[in-house]
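Report on the structure given below.
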Amino acid sequence: MRYSKITLLLLLTFGMVLSVHSEENRQHGVHEHGGGQLNVVVEKNTLMMDLSIPAMNVVGFEHPARNDDEQKQLEHSSDLLRDGSRIFMPSPSAKCVLEQVKIESALLETHANHDAEEGHADFDVSYLFACAEPMQLKSLTLTLFKMFPLTEHLQVQMITPAGQTGTELESDNPILNLQ
Amino acid sequence: MHILMLAFKSIVNRKFTIALTVFSIALSIMLLLGVERIRNDARESFASTISGTDLIIGARSGPVQLLLYSVFRIGNPTNNVSWKSYEEIKDHRLVAWTIPFSLGDSHQGFRVLGTNLDYFNHYQYGDQQPLEFSQGKPFSTVYHAVVGADVAKELGYSLEQEIVLAHGTGKVSFVQHADKPFRIVGILRKTGTPVDRTVHVSLEGIEAIHVGWKDGALDLKQPKTVDKTSLLDLQPKTITAVLVGLKSRLAVFRVQRYINEYPKEPLLAALPGVALQELWDTMAIAQQALLAISILVVLVGISGMATAILTSLNERRREMAVLRSVGARPWHIFVLFMGEAGAVMTIASVTGVAALYLAQLIARPIIQTQLGLFLPIHPPSSHELFLLAAAIGTGLLVGLIPAYRAYRYSLADGMTIRL
């Protein structure tokens with residue numbers, strides 16, 4: 001009786017583990033080389049941006065660094081990405097200061113067993129600016145296209161005090177109108 | 001002054017040809033302004049339907065499709081959202097409020113929307129205007145219904161009236177649930193959005209409509225009565241979409257990502273404003289094509305006018321000679337012809353604008369019924385006036401051709417004509 005209870009418990013546990021494994025995640029986000037996503041929010045005196053671009057656009061490869069050259073390239077590129085006030089130039093009169101940057105990428109993880117979906121990797125970077133004169137925040141100029149020429153276009157979603165809207169930025173149209 | 005008088009009399013003399021010319025240009029101007037008006041007003045109407053909502057969540061499809069079926073009741077959902085997912089979204093720490101939508105049924109051609117009381121508290125349209133009751137109050141039990149302003153007006157409904165809600169969305173429903181009457185407890189104030197054409201009931205009410213239905217047909221062996229249904233467990237299993245308001249706008253993209261990567265169910269979170277922009281970008285090409293066509297139609301009308309004046313030139317050489325004989329100079333003849341072109345364009349513009357307003361008056365209720373688009377009647381905008389001025393200017397420019405020829409003729413002919 002006692003054993004059978006334990007067996008049952010084991011079976012249940014084992015069964016649950018099995019079922020967890022069978023619920024493998026088969027959803028995949030889009031990944032387009034040359035493209036990318038930019039989300040922009042302006043709220044009170046905060047200007048927040050989430051940038052998500054394929055590693056291909058940034059470093060030119062999407063696998064973990066295999067040699068010193070690639071490692072250097074990776075470090076150099078992520079330093080460039082971290083430098084938010086060079087990539088994004090808000091209207092100068094708004095007096096925005098970069099306060100926080102967070103960068104995430106499978107390529108930057110030290111563990112080898114990262115989750116590079118189908119061999120693709122992205123850079124997800126979020127930037128937080130504090131603006132002294134948010135009323136003067138009229139536009140956002142991106143030098144991203146110049147710094148990473150493999151990036152051709154960005155799909156933009158933005159939320160400003162005027163409401164939500166969407167647009168697309170390209171290398172020959174790198175200025176986002178925030179009004 | 002008197003030269004204009006002469007131009008007018010000359011026009012009256014050829015009233016039939018001129019009237020046809022005016023008619024064709026008036027039609028072309030009506031078309032041009034109509035296309036512009038629909039372009040601008042439709043966009044505004046769409047944009048003012050939803051306000052203050054940070055995210056719309058539904059089954060994974062496309063943002064535009066989600067927006068169209070959930071907010072504008074255009075098209076059909078690809079899938080439903082399970083109640084469990086809804087509850088998890090509702091309880092997310094960044095979510096301030098949610099409005100569940102359950103669509104798919106109709107009443108006399110009007111959509112029935114299953115929702116909860118948060119709808120009346122949080123739904124906003126236009127410039128962040130909340131919904132208001134013109135009579136009554138929100139529903140409080142399963143068999144209560146709140147109708148939009150147009151529903152009440154067109155079907156002649158008043159408070160406390162009992163109505164029957166049918167399963168399905170057709171105007172004619174084969175089987176109506178006469179045994180489950182709903183009572184109207186509230187009538188909403190007019191909003192100029194699809195809300196006016198919606199019958200609102202509780203989510204439990206939607207479930208109640210479907211109790212007793214099995215495999216898409218009414219189970220006649222087990223007729224359910226009103227009382228029994230009220231007591232049954234009417235917790236919905238699925239809903240169509242959710243409108244979400246967040247505690248901070250800074251959280252919108254984080255919650256959007258959370259929903260779009262939701263592992264248990266393929267869901268989509270879209271920003272209504274972004275989806276609307278996407279819809280408009282898609283339609284921009286078609287709209288520009290329409291605008292180009294209507295501009296061409298105006299040009300065709302204007303060249304028709306030039307043709308009509310040019311053809312009349314030969315037969316009017318005597319008229320010119322008579323005018324010259326009473327002292328008119330060649331430039332008088334020139335002004336006369338320009339005056340004619342100007343008069344034709346002006347009369348055609350006024351007629352065209354009048355015809356546009358008439359057409360709008362007739363088409364407005366039909367567009368509102370068929371598409372749920374509210375197109376306001378307003379005085380011509382500055383943009384429309386610019387288009388009108390451009391059309392008249394082009395007309396005058398083209399009018400230079402016959403005027404110049406008449407000028408040349410009158411110089412060459414003098415008072416003697418050799419035809």
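Proteins come first, then strands; the chains are lettered A, B, ... in the order of their sequence lines, and each starts at number 1. Reckoned from all heavy atoms, side chains included, excluding hydrogens, waters and symmetry mates.
Note that CG of Asp50(A) is 9.0 Å distant from CZ of Arg254(B), once rounded to the nearest 0.5 Å. Put simply, CG on Leu38(A) and CZ on Phe253(B) are 8.5 Å apart, with the number rounded to the nearest 0.5 Å. Here the straight-line distance linking atom CE of Met48(A) with atom OG of Ser248(B) works out to 7.5 Å at 0.5 Å rounding.
Open room surrounds CG on Asp127(B); 12 or fewer heavy atoms of other groups in view lie less than 6.0 Å from it. With a 6.0 Å radius and a threshold of 12 heavy atoms from other residues, nucleotides or ligands, Glu44(B) has its CD atom at or below the threshold. By the 6.0 Å contact criterion, NZ on Lys138(A) is enclosed, its count of non-hydrogen atoms from other residues, nucleotides or ligands being greater than 12. Heavy-atom neighbours of Lys146(A) NZ from other residues, nucleotides or ligands within 6.0 Å: at or below the threshold of 12. Within 6.0 Å of the CD1 atom in Ile285(B), the count of heavy atoms belonging to other residues, nucleotides or ligands does not exceed 12.
Ranked by heavy-atom pairs under 4.5 Å with chain A, the first of Pro272(B), Ser51(B), Pro266(B) is Pro272(B). Taking Ala275(B), Gly273(B), Ala47(B) one by one and counting their heavy-atom pairs under 4.5 Å with chain A, the maximum is reached by Gly273(B).
Ile159(A) pairs with exactly one of Leu271(B), Leu250(B), Asp54(B) by the side chain to side chain contact (heavy atoms under 4.5 Å, CB included) rule, that one being Leu271(B).
Using modelled atom types, one finds no donor on one side chain facing an acceptor on the other under 3.5 Å when comparing Gln277(B) with Gln164(A).
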